[in-house]
Amino acid sequence: MMLYPSTIFGVSPKLLHFEVLYNHISSATMIRLISPRMGIPRLNISLLLVQPGPLRYRYGIGHYVKKSYATSSGATATFTKPKTSRSNKFYKYFAFGIGIGIGGSALYYTSDKFRHMVLTADRVGVVTVAVVRCFALYKETLGREYDSASARHDALSKTHKRAAEITLKALEKNGGIYIKLGQHITALTYLLPREWTDTMIPLQDKCPRSSMEEIEKLFETDLGVRLDEMFIEFDPNPVGVASLAQVHIARLRKNGQKVAVKIQHPSLKEFVPLDVKLTKLVFDLMYKVFPEYPLTWLGDEMQNSIFVELDFTKEAANAERTAKHFKDFSYLKIPNVLEAEKRILIMEYVAGSRLDNFEYYQDHDIDTSKVSACLTHIFNEMIFRPDVGLHCDPHGGNLAIKSVEPSNGYNFEIILYDHGLYRDIPLQMKRDYAHFWLAVLDNDIPGMKKYAKVFAGVEGEQKFKIFVSAITGRAPDAVLNKEIKSRRSKAEIEEIQSQINNHDLGVLEDLMDILSNMPRMILLILKTNDLTRNLDESLQSDLGPERTFLIMANYCARTIYEEGIDIINLHCKGITWAFKRFINWFDYHKRLTTLYIYDLVLKFENARN
């Protein structure tokens, strides 16, 4: 049988030849295109003869063409074609995807609002995924039953490590204040497991830098000038990059002075409000999921401090006030501020070496014990003396040492950078804190408990021991057994960490409760104590911690003496006033004499050894 279509795919019937095969068993007629022309592919066509009349045929690539044809037997062949083929659908989806990609890219680079939406979604997604993964890890680990305490400890240690690695990747990806949060975590060795604090250490040196194009645009936006209009030289490579800003060396056009230019990362302005809210939300969620580990105070503190740090005019005011207070301290150098805007700070250029560069000390004959003592004086002055703020971020990157011509017995200057985060400690808190430390140094346990409750709200025997350990950085037994003046060992640090991680003792839960309820100012004092303690230990002073505590005791004694004067002046008159003033003066100088003799003995023993 021959089939003569009038038209198939727009091709003349003369160009098509069909071979029709009749299958007697299946009653089907096979029509095969045996001579394709003009590049038409070979097709297999099945013609199903169900009954005389309409016929329906299908060819191999899946098309149906609805047409009627006459056959020699008088039957009618019907060809049916659907609207689209599978391949056509694929190409349509592919084209749709390409269109979305091109359109999205065009919007991303031409619409700031669309770009902000995309980046916001990405940042939120990074935080969300990390939080969900960490929550799932801890839920699984803490909800499981263990055969022994050691098995639970091992499982929890692995979970700490895995969760910290997940968090580290999220912090690195989002950058900005997330880097700063990670840096803060590294300093919380008295609070967080070692797996967390050690994992975050790489963030100390992994701060993203802003490009020159971004910096030039910032100058034009904030100051209305180009870089070359203000500077005759501007080094494009920053000498320091931190989480919030970077510093470039330049030379002013107006007088040729060499300066340090601190420039806030331009991207922070866009995302800091969102990042602060996200961070606080994460800590709030942590409290709901793990109420025994409240860390909401970390989110609160970041929210209170970050916007202050991002205003460089406040940093300039802090630097000028601190320089004025320490004008008689020949060993402290605070760079002069030349110009301050909210996101740009221009200071005199003062270079130095890292505090832990011992080759620099040897090359310039600088005594590390003297440097350690000077650091102790500087930060105790800030903590205990009135009318001066406390520098709350004294890590190694914000301090440097510089060799100078000898003056007042010192052949060096300690350079203090970055005055963005300061707090003014209330006078009464300074005095209560001084009472607490004198009680610690005198091993007066009732006095320690009294003032721990007064200025930090700490009650209960275990919470008292935990607080004493947190504020001194020593094991409770070392503090209570008069060993605080000795150098702390690695074994003692490991003991503190072991007690924190011991679930049966409940130390971590009590510590979290203490930190979540104490005044925020005490938290900053704790942070400063921990940072300065680490700096002091890195200097490896020959005199050890005894000299540090002697210096602190002098400041505490003076603070309490001045408190006594104020109380006597307020409540006493006449002979009673004179008598109490004398007693107060006598007690103060008695303590100073004791401390002086102890210092002489310490120096003598050190010289003999």
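- Ring geometry, Trp196 versus Tyr138: the interplanar angle falls under 30°, so the pair is classed parallel (tilted spans 30 to 60°).
- Partners of Tyr178 by side chain to side chain donor-acceptor pair (under 3.5 Å), not counting sequence neighbours, listed by chain and number: Asp275.
- Summarising the geometry, atom CD belonging to Glu413 is positioned 10.5 Å from atom CD1 belonging to Ile366; distances are rounded to the nearest 0.5 Å.
- Checked by atom type and distance alone, the side chain of Glu348 pairs as donor or acceptor with a backbone atom of Asn336 at under 3.5 Å.
- Although no hydrogens or angles enter the test, the distance criterion places no donor-acceptor pair under 3.5 Å between the side chain of Arg253 and the main chain of Met230.
- Taking the six-membered ring for Trp and thresholds of 30 and 60 degrees, Phe455 and Tyr433 have ring planes more than 60 degrees apart, a perpendicular arrangement.
- In this pair, Phe549 and Trp437 present their aromatic rings tilted. The plane angle is within the 30 to 60° band.
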Could you give me the CA-CA distance, side-chain angles and deciding distance for Met347 and Tyr417, then say whether side-chain contact (heavy atoms from CB on, under 4.5 Å) is met?
CA-CA 10 Å; Met347 304 161 285; Tyr417 303 115; over 6 Å; no
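- Rounded to the nearest 0.5 angstrom, Asp566 CG and Arg431 CZ are separated by 4.5 Å.
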Salt bridge (Lys or Arg N to Asp or Glu O under 4.0 Å) for Arg558 and Glu562? Distances and angles first, verdict last.
CA-CA 6 Å; Arg558 185 177 176 183; Glu562 291 174 349; 3.4 Å; yes
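- Residue pairs meeting the salt bridge (charged side-chain N to carboxylate O under 4.0 Å, His left out) criterion with at least one partner in residues 387-411, sequence neighbours excluded, are Lys180-Asp393, Asp393-Lys527.
- Within a 6.0 Å radius of OH in Tyr410, no more than 12 heavy atoms belonging to other residues, nucleotides or ligands are found.
- If you take CG on Asp222 and CD on Glu341, they are separated by 7.5 Å, rounding to the nearest 0.5 Å.
- For the atom pair OH (Tyr561) and CD1 (Ile565), the distance works out to 3.5 Å, reported to the nearest 0.5 Å.
- Although no hydrogens or angles enter the test, the distance criterion places a donor-acceptor pair under 3.5 Å between the side chain of Gln246 and the main chain of Ser210.
- Using a distance-only test at 3.5 Å, with no hydrogens or angles considered, a donor-acceptor pair links the side chain of Asn318 to the main chain of Lys314.
- Between the side chain of Asp311 and the backbone N or O of Phe307, no donor-acceptor pair lies under 3.5 Å.
- Judged purely by atom type and a 3.5 angstrom limit, Lys342 has no side-chain atom pairing as donor or acceptor with the backbone of Leu310.
- A distance of 6.0 Å or more separates the ring centres of Phe412 and His364.
- Every residue two or more places apart in sequence or in another chain was checked for a side chain to side chain donor-acceptor pair (under 3.5 Å) with Arg209, and none qualifies.
- Ring geometry, Phe326 versus Phe329: the interplanar angle exceeds 60°, so the pair is classed perpendicular (tilted spans 30 to 60°).
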Please walk me through it: do Leu390 and Met521 pass side-chain contact (heavy atoms from CB on, under 4.5 Å)?
CA-CA 10 Å; Leu390 173 64; Met521 192 65 69; 5.9 Å; no
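- Remark: the backbone N or O of Glu320 is not paired with any side-chain donor or acceptor of His419 at under 3.5 angstrom.
- Between the OG1 atom in Thr313 and the CD atom in Glu315 there is a gap of 9.5 Å [rounded to 0.5 Å].
- In terms of modelled atom types and a separation under 3.5 Å, the side chain of His391 and the main chain of Asp418 share a donor-acceptor contact.
- Here Lys161 contributes atom NZ and Asp198 contributes atom CG; the two are 7.0 Å apart, rounded to the nearest 0.5 Å.
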